[in-house]
Amino acid sequence: MFENLNGWEFFALLLIALLIFGEKLPNAIADGMRMLRNLRNMARNATGDLSRELGTDISLEDLNPKTFMRKHLLSEEEEAALRKPLQGMFDDVRNDVRSIADDVKSTAGEFDPRKVSSTAPTTPEPPAVSGSRFVDAT
């Protein structure tokens, strides 16, 4: 839950919580934990009721409509029939992207400045400017 927060952000949130709740912070934390426990129990009871009504085993992850349809309403053959038209297009796009990636890699390898060949013509050095940084062209 807090994996995106660094130390300073977590410390700032803790300080804000202390300023808002003050001495009531332990009670607020306990109330929040109690609410989370109640929500989990409600979800567990709902999935149990739904499992009994449908006659199948349902977990919380199955309540996602896509997962529910795939797991409980479609057979494997029906799912394969639904995926078949899209699978060919997906394979074509994947092959096109791979060929483009190979072309880009080969082109980048040809123009890599680190690979200087001995037969490449050398460019003349620009004339050195002494004294002033700008050259008067008049």
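Position 1 is the first residue of the sequence, and the numbers go up from there. Worth knowing before you read on, the calculation uses all heavy atoms, side chains too, and leaves out hydrogens, waters and symmetry mates.
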Just verifying a value: how many Å separate [X] [atom1] and [Y] [atom2], rounded to the nearest 0.5 Å?
{"X": "Arg52", "Y": "Asp49", "atom1": "CZ", "atom2": "CG", "result": "4.5 Å"}
{"X": "Leu19", "Y": "Leu14", "atom1": "CG", "atom2": "CG", "result": "10.0 Å"}
{"X": "Leu13", "Y": "Trp8", "atom1": "CG", "atom2": "CH2", "result": "14.0 Å"}
{"X": "Asn45", "Y": "Asn38", "atom1": "CG", "atom2": "CG", "result": "10.5 Å"}
{"X": "Arg34", "Y": "Asn27", "atom1": "CZ", "atom2": "CG", "result": "8.5 Å"}

Connected via hydrophobic side-chain network under 4.5 Å: Phe11 and Leu18: no
Cluster check Leu25, Ile20: I/L/V/M/F/W/Y, side chain < 4.5 angstrom: yes
Shortest non-hydrogen contact between Ala81 and Pro85, atoms and distance: O-CD, 3.3 Å
Anything under 3.5 Å between a donor and an acceptor, one on a side chain of residues 86-94, the other on a protein residue two or more places apart or in another chain? List them.
{"unit_1": "Gln87", "atom_1": "NE2", "unit_2": "Asp91", "atom_2": "OD1", "d": "3.3"}
{"unit_1": "Asp91", "atom_1": "OD1", "unit_2": "Arg94", "atom_2": "NH2", "d": "2.7"}

